[in-house]
Amino acid sequence: MNNERILIPIPALFSFDECLWFLNRNYDDCLHVIKGNAIFKTLEIGGEVILIRIREKAAFLEVTILQGRASAENKAYLTDYVFEWFDMRHSIQPFYDLLIADGRFAYMTEAYKGLRLIGISNLFEAICWCIIGQQINLSFAYKLKRRLVERFGIETEQDGDVYHVFPAAEILSAANVDELKAIQFSQKKAEYIIGIANAFANGALSKKFLLDLPDFDSRKKALTDHKGIGIWTANYVLMKCLREPGGIPHGDVGLLNALSNHDIIKDRGEAGKIQALFDQYQGWESYLVFYLWRSLAVKDLA
DNA sequence: GTCCAGGCAGTGC
DNA sequence: GCACTGCATGGA
């Protein structure tokens, strides 16, 4: 064990507690472990398995490498990864200015102060997670993800806890529909995931490919060209992985419920009112979605 | 048994 | 383009 540390300065309007809260909601996510006030996560960097612990230390996030080499390359990768995961690169003050000016959501600037849009930087994982979650309840979705990861992903163990890495596309492209159906995936979900895995494995789809496209609409088109990726999934992925500020998962049940709770809409068919709302948040649409999702949990916890 | 869940593809107009 | 339909699968 080496226990080398990386210290990342905490920016303004950043709350590690809100990160912890989000990652430790009522769901059983298999891709990280929360113990005390620390996050444990396994990553695969160039074929090497790295286990890290992230916790708050005064004005820093302390990233400790518990397994794997603390090479300069790995430390640079991990620093970049944490910045990206917790969206620490830029100020969210302009978003807060909009919330306060709006009034309807001004309370969020205190209630969820410092909450950042927690991302999924692995594009393949982000798409698979969407396909898993399509049209089923979230707790079942997390169960399906856990079965998939435990069946096909690599894992590491420390102090009696097991840590998983999301399966590589090359692995899942070699799986067959029946193997996924055996772990309660529907026929369609199984077909979609294997199809997407094939697209990644043969190079037809990658994060770099999307990033190299000229604009938002061409990225969306490149995503929805694949079976299993509709408008909702494309926007979710653009929001959580590519961090497109304009990514709005239109039609999302949780989003609609949150808008209804805030009396923005009365039923689910008022696209005009939703558009008008997001028009006020240009450049911060995906942040507003994330904060609206955050607002849903208050009742759950009560 | 019914309704719903962080939808999608296919069809018809 | 838009509305409608069938599809899946588990949980409340």
Side-chain angles (χ1 to χ4, degrees), chain A residues 21-31 115 117-120 123 125-148 151 176-199 205 217 220-244 246-262 264-265 267-272 274-275 277-278 285-302:
Chain A
W21 175 85
F22 177 81
L23 293 173
N24 200 27
R25 291 173 296 166
N26 298 326
Y27 304 110
D28 175 37
D29 197 319
C30 57
L31 295 180
L115 171 66
L117 204 172
I118 309 293
I120 302 174
L123 177 63
E125 174 192 329
I127 295 174
C128 288
W129 174 229
C130 285
I131 291 170
I132 290 171
Q134 285 165 5
Q135 193 58 18
I136 60 173
N137 65 72
L138 266 182
S139 41
F140 181 49
Y142 277 101
K143 283 184 188 170
L144 288 182
K145 181 168 90 164
R146 176 174 285 282
R147 290 177 192 156
L148 184 76
R151 169 71 178 76
N176 62 55
V177 169
D178 288 336
E179 286 179 288
L180 297 190
K181 286 175 79 172
I183 51 174
Q184 307 318 125
F185 280 63
S186 67
Q187 174 80 25
K188 288 299 179 189
K189 282 191 198 302
E191 290 173 3
Y192 295 158
I193 285 188
I194 292 168
I196 295 295
N198 279 323
L205 190 53
D217 287 337
K220 191 184 286 187
K221 173 80 166 61
L223 284 165
T224 55
D225 278 346
H226 293 270
K227 296 285 186 194
I229 302 181
I231 296 293
W232 177 84
T233 297
N235 276 299
Y236 183 100
V237 164
L238 290 168
M239 164 185 173
K240 294 272 282 186
C241 182
L242 299 185
R243 295 198 171 280
E244 290 273 9
I248 307 169
H250 292 287
D252 178 84
V253 171
L255 174 59
L256 293 172
N257 287 339
L259 291 173
S260 175
N261 291 343
H262 286 83
I264 307 292
I265 57 172
D267 59 53
R268 293 180 177 186
E270 300 177 282
I274 298 172
Q275 189 58 50
L277 170 67
F278 282 107
E285 294 94 327
S286 62
Y287 251 91
L288 180 59
V289 171
F290 197 67
Y291 270 55
L292 285 166
W293 282 342
R294 173 68 177 84
S295 75
L296 291 171
V298 177
K299 286 194 221 166
D300 296 347
L301 297 175

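Naming convention: chains lettered A, B, ... in sequence-line order (proteins, then strands); numbering from 1 in each chain.
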Query raised in the report: Hey, does A:H226 reach any base, or is it just sugar-phosphate, or nothing, if we go heavy atoms under 4.0 Å?
Result: sugar-phosphate
Query raised in the report: Could you give the CG-to-P distance, from A:D225 to B:dA9, as a whole number of Å?
Result: 10 Å
Query raised in the report: Is A:I229 touching bases, backbone alone, or none of the nucleic acid, heavy atoms closer than 4.0 Å?
Result: sugar-phosphate
Report summary line: Atom CG of A:N235 and atom P of B:dC8 are separated, to the nearest Å, by 10 Å
Requested in this report: Between C:dA8 and B:dT11, how far apart are the P atoms? Round to whole Å, please.
Outcome: 15 Å
Query raised in the report: Distance check: side-chain N/O of A:K227 vs OP1/OP2 of B:dG10, anything under 4.0 Å?
Result: yes
Query - Protein-nucleotide distance (A:Y27, atom OH; C:dG11, atom P), rounded to Å - result: 14 Å
Query raised in the report: Roughly how many Å is it from CG in A:L255 to P in B:dG7, rounded to a whole number?
Result: 11 Å
Query raised in the report: When the distance from CD of A:Q134 to P of B:dC8 is rounded to whole Å, what number comes out?
Result: 5 Å
Query raised in the report: Within the structure shown, what part of the strands sits under 4.0 Å from A:S139 by heavy-atom distance: base, sugar-phosphate, or nothing?
Result: nothing
Report task. May I ask you to check whether A:Q187 and A:K181 show a side-chain donor-acceptor distance below 3.5 Å? Result -> yes
Query raised in the report: So what does A:R25 hit on the nucleic acid, given a heavy-atom distance under 4.0 Å: a base, only sugar-phosphate, or nothing?
Result: base
Query raised in the report: Nearest-Å distance, NZ (A:K189) to P (B:dA5)?
Result: 14 Å
Report summary line: Heavy-atom closest pair (A:A258 atom, A:L292 atom, distance to 0.1 Å) is CB-O, 3.5 Å
**Report entry** Under 3.5 Å donor-acceptor, A:R243 side chain and A:L117 backbone
**Finding:** yes
**Report entry** Distance test, side-chain N/O of A:Q187 to OP1/OP2 of C:dA8, below 4.0 Å
**Finding:** no
Report task. By nearest nucleotide on DNA chain B, pick out whichever of A:D252 and A:Y192 is the more 5' one. Result -> A:D252
Report summary line: A:I127 atom CD1 is separated from B:dG7 atom C1', nearest whole Å, by 15 Å
**Report entry** Residue pair A:G228 / A:I131: nearest heavy atoms and the distance that separates them
**Finding:** O-CG1, 3.8 Å
Query raised in the report: Given that A:S186 and A:K143 both sit by DNA chain C, which one's nearest nucleotide is further toward the 5' end?
Result: A:S186
Query raised in the report: So which one's nearest nucleotide on DNA chain B is more toward 5', A:T224 or A:L138?
Result: A:L138
**Report entry** Closest nucleotide among B:dG7, C:dT9, C:dG10 to the A:I136 side chain
**Finding:** C:dT9
Query raised in the report: Does A:K188 place a side-chain N or O at less than 4.0 Å from the phosphate oxygens OP1/OP2 of B:dG7?
Result: no
Query raised in the report: B:dG7 P sits how many Å from A:L223 CG, rounded?
Result: 17 Å
**Report entry** A:Y291 side chain to A:L115 backbone, donor-acceptor under 3.5 Å
**Finding:** yes
Query raised in the report: NA contact type, A:I231, heavy-atom cut-off 4.0 Å: base, sugar-phosphate, or nothing?
Result: sugar-phosphate
**Report entry** Sub-6.0 Å ring centroid separation between A:W293 and A:F22
**Finding:** no
Query raised in the report: Base, sugar-phosphate alone, or nothing: which one does A:Q135 contact when heavy atoms must sit under 4.0 Å apart?
Result: base
